[in-house]
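Worksheet for the structure shown next.
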Amino acid sequence: MQVHTAVAPDRGLESVGKAPIRAIITRGKGRVDRELLDACPQLEVIARVGVGLDNVDVAYATEMGVRVINLPGSNAATVAEHTFGLMLSLQRRIHQAINEVKADNWAYRLAYGGDELRGKTLAILGRGNVGKSVAKLATAFQMKVLFLARPQVQSKDVKRDERGIQLLLEQADLLSLHLPLTEGTRHLLNEVTLKHCKPGALIVNTARGEIIDHAALLRALRSGAIGGYAADVMSTDQRAESGTLLQLPQVLVTPHMASLTKLTFVDMCEQSVRNLLSLLAGGRISPRYLANKI
């Protein structure tokens with residue numbers, strides 16, 4: 001099979017027409033929008049190396065008869081692991097202790113005010129693969145786990161909570177976000193909903209930055225209503241406006257690296273390429289990888 005690669009400034013549209021493009025592979029940043037799809041009339045498959053499809057116009061691809069494939073569940077374990085790393089750092093103030101020791105302040109232990117996860121109530125917003133993986137880790141830490149919606153799998157360790165976000169936030173010591181970004185979830189945590197959080201609650205976001213209104217979050221952190229915030233996600237606009245937020249000692253942000261561990265990244269790349277080549281050769285792949293029906 002002959003493979004053509006089109007690379008050029010500003011998304012490379014200038015070079016697209018030089019070769020018959022049958023497939024596109026993208027990570028999370030490369031946008032596959034209407035303009036690019038129109039420039040590839042022979043396109044057959046779009047492979048998203050990952051889970052989220054925010055950067056792919058799935059509806060237009062479907063209209064054009066182009067199959068879209070992704071890897072649901074492929075990063076659940078590693079994102080859940082990263083979520084707990086952030087959660088532990090916030091709850092036990094590990095990052096602050098490390099910084100104090102680096103500054104030769106060994107006496108910091110006398111003023112240490114961290115706590116443990118055991119016995120805390122964790123509210124998980126989102127019942128997908130990552131949310132359920134986080135719940136499993138939480139039960140191992142002897143936490144009480146609540147879901148915003150009914151989980152697909154229920155056990156004696158994971159209790160259902162269907163009374164809505166307000167009552168959920170009122171019970172949670174920690175809140176972990178694992179929702180897709182939609183019009184219904186954009187700024188789900190805002191000036192109004194954040195006021196229902198328990199005083200000093202901790203929030204971890206490894207889903208999408210825009211689920212939280214950062215201006216409202218900043219005010220809640222400054223007032224102490226929210227005790228800490230950790231995230232692995234932040235939109236471009238939020239990064240441009242987040243200078244003050246990032247300066248707060250109770251805020252931890254990593255550069256969208258939760259699923260970039262060697263094991264998971266290699267697995268996702270290899271599986272995406274295998275699926276794509278199989279479809280181009282007329283073969284079949286597992287239906288769970290098909291994001292649209294053609």
Side-chain angles (χ1 to χ4, degrees), residues 52 76 79-92 115-234 250-252 258:
V79 173
E81 206 176 272
H82 192 82
T83 298
F84 252 82
L86 294 174
M87 200 179 298
L88 282 164
S89 290
L90 278 183
Q91 185 69 64
R92 304 200 64 142
D115 206 348
E116 55 196 275
L117 295 176
R118 178 169 55 93
K120 296 294 188 295
T121 297
L122 172 65
I124 300 176
L125 272 63
R127 58 187 177 91
N129 292 306
V130 178
K132 289 185 288 187
S133 295
V134 169
K136 290 179 181 178
L137 292 175
T139 57
F141 276 84
Q142 301 178 54
M143 301 181 76
K144 300 175 184 177
V145 180
L146 303 173
F147 277 92
L148 174 64
R150 186 189 303 269
Q152 294 178 355
V153 178
Q154 185 185 11
S155 70
K156 60 182 178 63
D157 299 313
V158 180
K159 299 178 181 178
R160 294 174 178 165
D161 190 296
E162 299 173 350
R163 292 171 290 174
I165 187 171
Q166 177 178 336
L167 291 179
L168 188 75
L169 296 180
E170 290 173 353
Q171 299 175 74
D173 299 298
L174 299 98
L175 181 65
S176 192
L177 307 184
H178 305 287
L179 294 164
L181 180 63
T182 66
E183 287 308 308
T185 63
R186 187 181 300 275
H187 286 187
L188 179 65
L189 295 184
N190 52 51
E191 196 78 48
V192 175
T193 53
L194 285 173
K195 289 180 179 178
H196 294 295
C197 290
K198 289 179 68 172
L202 306 178
I203 301 174
V204 178
N205 183 9
T206 53
R208 289 291 182 266
E210 296 91 335
I211 293 174
I212 298 183
D213 180 341
H214 275 204
L217 174 65
L218 179 59
R219 288 189 287 271
L221 286 164
R222 281 175 165 171
S223 71
I226 299 298
Y229 177 68
D232 186 52
V233 287
M234 193 174 282
Q250 69 272 42
V251 172
L252 307 176

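Applying the side-chain hydrogen bond (donor to acceptor under 3.5 Å, both in side chains) test to every pair with at least one member in residues 217-226, sequence neighbours left out, gives these pairs: Glu191-Arg219.
Taken from CD in Gln171 to SG in Cys197, the straight-line distance is 12.0 Å, to the nearest 0.5 Å. Atom CD in Glu170 sits 13.0 Å away from atom OG1 in Thr121 (nearest 0.5 Å). Between the CG atom of Leu218 and the CD1 atom of Ile226 there is a distance of 12.0 Å, given to the nearest 0.5 Å. Interatomic distance, CG of Asn205 versus CE of Met234, reported as 9.0 Å (0.5 Å rounding). In this structure, CG in Leu194 is found 10.5 Å from NE2 in His187, a value given to the nearest 0.5 Å. Summarising the geometry, atom CG belonging to Asn129 is positioned 12.0 Å from atom NE2 belonging to His178; distances are rounded to the nearest 0.5 Å.
For Arg186, the salt bridge (Lys or Arg N to Asp or Glu O under 4.0 Å) criterion is met by Glu183, not counting sequence neighbours. For the salt bridge (Lys or Arg N to Asp or Glu O under 4.0 Å) test, residues two or more places apart in sequence or in another chain that qualify with Asp173 are Lys198. Every residue two or more places apart in sequence or in another chain that forms a salt bridge (Lys or Arg N to Asp or Glu O under 4.0 Å) with Glu116 is listed here: Arg118. Considering only residues two or more places apart in sequence or on other chains, Ala172 meets the side-chain contact (heavy atoms from CB on, under 4.5 Å) condition with Ala123. The side-chain contact (heavy atoms from CB on, under 4.5 Å) search around Ser133 returns Ala76, Ala80, not counting sequence neighbours. Residues passing the side-chain contact (heavy atoms from CB on, under 4.5 Å) test with Ile211, sequence neighbours excluded: Leu177, Leu179, Leu181, Thr185, Leu188, Ala207, Arg208. His82 is linked by a side chain to side chain donor-acceptor pair (under 3.5 Å) to Thr254, counting only residues two or more places apart in sequence or in another chain. For Gln91, the side-chain contact (heavy atoms from CB on, under 4.5 Å) criterion is met by Asp115, Leu117, Lys120, Leu174, Leu202, not counting sequence neighbours.
For the pair Ala258 and Asp232, the tightest heavy-atom approach, listed with the atom from each and the gap, is N-OD2, 2.9 Å. Across all non-hydrogen atoms, the minimal contact from Leu90 to Ile203 is CD1-O, 3.8 Å. Heavy atoms only, all atoms of each residue included: Phe147 and Gly126 are closest at CE2-O, 3.6 Å. Across all non-hydrogen atoms, the minimal contact from Val233 to Gly209 is CG2-N, 3.6 Å. Smallest separation of non-hydrogen atoms from Met87 and Leu122: CE-CD1, 4.0 Å. When all heavy atoms of Val134 and Ser176 are compared, the pair lying nearest together is CG1-OG, 4.3 Å.
Each of Leu125, Leu175, Ile124 was compared with Leu148 under the side chain to side chain contact (heavy atoms under 4.5 Å, CB included) criterion, and only Leu125 meets it.
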Discussion item. Using side-chain contact (heavy atoms from CB on, under 4.5 Å), reason through Lys132 and Lys136 one step at a time and then give a plain yes or no.
Written reply: CA-CA 6 Å; Lys132 289 185 288 187; Lys136 290 179 181 178; 5.6 Å; no

Item to complete: Report the C-alpha separation of Leu189 and Leu217 in whole Å, then their side-chain angles, then the decisive distance to 0.1 Å, and conclude whether the side-chain contact (heavy atoms from CB on, under 4.5 Å) test is met.
Response: CA-CA 8 Å; Leu189 295 184; Leu217 174 65; over 6 Å; no

